[in-house]
Amino acid sequence: MTDAADSAPSDFIRDRIRQDLASGKVQQVVTRFPPEPNGYLHIGHAKAITTSFSIAQEFGGRCNLRMDDTNPGAEDQEYVDAIMDDVRWLGFTWDALYHAADYFDQLYAWAEQLVEKGLAYVDDQDAEQIAANRGTVTSPGTNSPFRDRSVTENLELLRAMKAGKFGDGEKVLRAKIDMAHNNLNMRDPVMYRIRHMHHARTGDAWCIYPMYDWAHGQSDSIEGITHSLCTLEFEHHRPLYDWFCDSLGIYKPQQIEFARLNVEYMLTSKRKLLLLVEGGHVDGWDDPRMPTLRGLRRRGYPPQALVAFARHVGLAKVNGTHEMALLEHFVRDHLNKHAQRRMAVLDPVKLIIDNWPEGQVELMQAQNNPEDPGAGTREVPFGKELWIERGDFMEHPPKDFFRLTLGREVRLRSGYFVKAEAIEKDAKGHITAIHCTYDPTTKGGNAPDGRKVKATIHWVSAQHALDAEVRLYEHLFTDPDPASADGGDFLKLLNPVSKQVGRGKLEPSLKEAKGGEFFQFERLAYFYCDHIDSKPFLPVFHRTVTLKDAWKKAQAKAK
RNA sequence: UACCCCGUGGUGUAAUCGGUAGCACAGCAGUUUUUGGUACUGUUGGUUCCUGGUUCAAGUCCAGGCGGGGUAACCA
């Protein structure tokens, strides 16, 4: 990595932390990643995770994973498990795993304290009345008629709420702050609501559940979080976060907000992602086209690439959108160094070597990874009939095409030089086979007389080829910014060819490919052996990202 | 028409106490190459949103504009 920012990131959050360390305000940095287990993690979370965990690592601190499970109606154990799995997959290890639900007793005790201080009250208004009396961004709210109940009455009512004396929605506990505050979050925010629901962690012990604002800062405080990092939309909550800690007189962490991650062609709204899944526009939450961590994993994006990307994009307060090309750069960068090379022909046409002895098979030595000599070599069978890529031959080529054409010699990668001599066509004029001759002195790919060829193409022995399913993926959307589709209808921006399933002729060694392995199919793209749909000796490959293709680009430009 | 946050090349970001705009990706050109990949080299592109002000000196400070984003769930 040549980018200095990747080894020593510099941003406003790290600056702040250095200050706090230097001033002695904090001794050891403690951060946390606090997802609500109500959905799957996506690429945006990868940035949040990388940020909090990396910062803790860099400053010799700790980072907790905390399930923000304060709303039993939305959460599920399945998500808790998936979240832990995804964080581990990214390569991070939490110092402690906590659940906001574990703090319910403490939270309740603090709530009574606030009531006793006259800073919280029980409100009998229903949700609609509360919303109506909150006012608007331009007009102040009005006090609840129940706002001035006595401490004694509030305490009795709160205890009755906790004891289950009321039905859902009948009463709430509210902080008593200022109904005219210009920050709507400060207009007597709801702290507890009544929900007679079973909680995955606390069972039926509670029928009142804390709201985010009443739980989050206090959870941070209990855990001794020094820097509570979150996204920009929580800026307006910071005054309330501070108010609760100050009113309680407890340790107050510093909340710092940064811009969330946006990437071209990707959506990270939970609601929109759900529409894609439920509408059958993708094959589930782990569809390789989804921006979920599980989807990206099946696409073949290495976690190291995601982390490198997240570190590179940095932390700032401006909401922007990153180019897909940047993400793909990190994916290619990692895969180039670590993916073994294989040969595969996805759009095959037969190449027949006329002067090759009938029935003879030779094993060619092929390098597994030119970027990593330690990866060794493998044997690839070579015979009289081979599959080559249809696009690697042109009968009437433009002058800048230097692959195979009649009368021209090219190199078969790790094989021999061959020269095209004739072609066979069907009734419609489609090429069905190309006849060529090979030079026996060029085994391995070099001519003893030193003559050069302009191109090297890949091939697979027809006799030995593995016929396997190959899934080609492209952007899910045709527009880089699907979120701002006309009328919000992002579904009409769906790319109709985002997934194409086909079969390819693969070199026989790929029969042994295991789910979870990734390869570079030379001259084409990086491919991931799917860990879900592959079966022993029946691998299924997902195209992760294509190789850069200067020829294709030049052609596109010529048009 | 309330409050909060923000405004640096196409994109994203950097620039100690204010010292004369850097990096990555993308683009372009070339070298190397048994992947038209990789690597390497060079290069285009910025009146640092605008206008004033303070200063020897402003992307950094101040004022006023303009522009963008966020906020009104018993969600997080």
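Letters A, B, ... are given to chains in the order of the sequence lines, protein chains preceding strands, and every chain is numbered from 1. Note that these values count all heavy atoms, side chains included, but never hydrogens, waters or copies made by symmetry.
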message = Can you tell me if A/Arg193 touches the phosphate of B/C75, counting only side-chain N or O atoms and a distance under 4.0 Å to OP1 or OP2?
response = yes
request  = For A/Lys47 and A/Ala259, indicate whether the former's side chain and the latter's backbone hold a donor-acceptor pair under 3.5 Å.
outcome  = yes
key: Base-pair map of RNA chain B as dot-bracket, where | denotes pairing with a different strand and pairs are Watson-Crick or G-U under 3.5 Å   = .((((((..((((.....[..)))).(((((.......))))).....(((((..]....))))))))))).....
remark   = Whole-Å distance, A/Gln367 CD to B/U33 P, equals 15 Å
query = Checking A/Asp11 side chain against A/Ile13 main chain: does a donor-acceptor pair fall under 3.5 Å?
reply = yes
Grab the N/O contacts between the protein and nucleotides 15-19 of chain B below 3.5 Å, and write none if there aren't any.
{"unit_1": "B/A15", "atom_1": "OP1", "unit_2": "A/Ser10", "atom_2": "OG", "d": "3.1"}

message = If I take atom CZ in residue A/Arg403 and atom P in nucleotide B/G37, what distance separates them, rounded to the nearest angstrom?
response = 11 Å
Shortest side-chain distance from A/Thr456, nucleotide among B/U35, B/G69, B/C75 = B/U35
note = In whole angstroms, the gap separating P of B/C74 from CZ of A/Phe166 amounts to 19 Å
ask   = Could A/Arg16 and A/Asp20 be called an ion pair, given the rule that one side-chain N must be under 4.0 Å from one carboxylate O?
value = yes
query = Between B/C75, B/C6, B/C25, which nucleotide gets closest to the side-chain atoms of A/Met211?
reply = B/C75
query = Roughly how far apart, to the nearest Å, are B/A24 and B/U60 at atom C1'?
reply = 23 Å
ask   = Starting at OH of A/Tyr40 and ending at P of B/A76, how long is that distance when rounded to a whole Å?
value = 20 Å
C1' spacing across the pair B/U11 / B/G30, given as an integer number of angstrom = 25 Å
inquiry  = A/Phe382 and ring pair (Phe, Tyr, Trp, His ring centres under 6.0 Å): which single residue from A/Trp387, A/Tyr416, A/Tyr438 fits?
reply    = A/Tyr416
query = Can you tell me how far C1' in B/U44 sits from the matching atom in B/G10, rounded to whole Å?
reply = 12 Å
note = Taken to the nearest whole Å, CG/A/Leu335 to C1'/B/G37 is 13 Å
message = Check A/Glu389 with A/Arg523, please: is the shortest side-chain N to carboxylate O separation under 4.0 Å?
response = no
note = For A/Arg32, the salt bridge (charged side-chain N to carboxylate O under 4.0 Å, His left out) test, sequence neighbours excluded, returns A/Asp220
request  = Using the P atom as the reference point in each nucleotide, state the distance between B/U33 and B/C17 in Å, no decimals.
outcome  = 49 Å
request  = Kindly point out which of B/C74, B/U38, B/A76 is positioned nearest to the side chain of A/Thr70?
outcome  = B/A76
query = Taking only residues two or more places apart in sequence, or in another chain, which ones meet A/Ala344 in a side-chain contact (heavy atoms from CB on, under 4.5 Å)?
reply = A/Leu506, A/Phe521
query = Can you find a donor-acceptor N/O pair under 3.5 angstrom joining the side chain of A/Glu235 to the base of B/U71?
reply = no
Can you name the atoms? Protein N/O to nucleotides 29-32 of chain B N/O, anything below 3.5 Å, with the distance.
none

request  = Go through the structure and list residues passing side chain to side chain donor-acceptor pair (under 3.5 Å) with A/Thr321, not counting sequence neighbours.
outcome  = none
ask   = A/His199 and A/Phe104: aromatic ring centres closer than 6.0 Å?
value = yes
ask   = Using atom P of each nucleotide, how far apart are B/U1 and B/C66 to the nearest Å?
value = 14 Å
ask   = Of the nucleotides B/U38, B/G7, B/C5, which has the atom closest to the A/Lys317 side chain?
value = B/C5
query = Can you name the side chain to side chain donor-acceptor pair (under 3.5 Å) partners of A/Asp15, sequence neighbours left out?
reply = A/Arg18
query = Does a donor on one side chain sit under 3.5 Å from an acceptor on the other, for A/Gln125 and A/Asn133?
reply = yes
query = Between B/G12, B/C75, B/G37, which one does the side chain of A/Val313 approach most closely?
reply = B/G12
Nearest-neighbour nucleotide for the A/Arg413 side chain, B/C74, B/A76, B/U35 considered = B/U35
key: Minimum-distance nucleotide (side-chain atoms of A/Leu326 versus B/A76, B/A24, B/C74)   = B/A24
A/Thr292 side chain vs A/Trp285 backbone, donor-acceptor pair below 3.5 Å = yes
ask   = Across the strands shown, which category fits A/Gln125 at heavy-atom distances under 4.0 angstrom: base, sugar-phosphate, nothing?
value = base
task = Could you list the residues that satisfy side chain to side chain donor-acceptor pair (under 3.5 Å) with A/Thr231, not counting sequence neighbours?
result = A/Glu233
Separation of atom CE in A/Met197 from atom P in B/C75, rounded to whole Å = 11 Å
Can you name the atoms? Protein N/O to nucleotides 1-3 of chain B N/O, anything below 3.5 Å, with the distance.
{"unit_1": "B/A2", "atom_1": "N3", "unit_2": "A/Val137", "atom_2": "O", "d": "3.2"}

Sequence neighbours excluded, every pair satisfying salt bridge (charged side-chain N to carboxylate O under 4.0 Å, His left out) that has a member inside residues 261-272 of chain A = none
query = Looking only at atom P, what distance separates B/A26 and B/A21, rounded to whole Å?
reply = 26 Å
inquiry  = If I pick the C1' atom on B/U71 and the same atom on B/C62, what distance separates them, to the nearest angstrom?
reply    = 28 Å
key: base_contact_polar (B/A76 base, A/His237 side chain, donor-acceptor, <3.5 Å)   = yes
key: Residue-phosphate contact under 4.0 Å: A/Arg195 side-chain N/O, B/C75 OP1/OP2   = yes
Nearest-angstrom distance, P atom, B/C3 to B/G46 = 38 Å
key: Salt bridge flag under 4.0 Å for residues A/Arg201 and A/Glu75   = no
query = Are the ring centres of A/Tyr79 and A/Tyr40 closer than 6.0 Å?
reply = yes
task = Report the nucleotide, chosen from B/G7, B/A76, B/G36, that has the shortest atom-to-atom distance to any side-chain atom of A/Tyr212.
result = B/A76
ask   = Of all the choices, B/A76, B/A26, B/A72, which nucleotide is nearest to the side chain of A/Ala325 once you look at every atom?
value = B/A26
query = How long is the line joining CE of A/Met186 and P of B/C4, in whole Å?
reply = 14 Å
task = For RNA chain B, determine which residues of residues 544-555 of chain A have any heavy atom closer than 4.0 angstrom to one of its atoms, and list them numerically.
result = A/Leu547, A/Lys548, A/Asp549, A/Ala550, A/Trp551, A/Lys553
inquiry  = Of the listed nucleotides (B/C25, B/G37, B/C74), which one gets closest to any side-chain atom of A/Ala127?
reply    = B/C74
inquiry  = Is it the case that the side chain of A/Glu507 and the backbone of A/Met343 share a donor-acceptor pair, with hydrogens and angles ignored and the cut-off at 3.5 Å?
reply    = yes
A/Asn319 CG - B/C4 C1' separation (whole Å) = 14 Å
key: Distance-only donor-acceptor test, A/Glu323 side-chain atoms vs B/G10 base atoms, 3.5 Å   = yes
By side chain to side chain donor-acceptor pair (under 3.5 Å) - contacts of A/Arg195 (at least two apart) = none
key: Output field: ring centroids A/Tyr241/A/His237 closer than 6.0 Å   = no
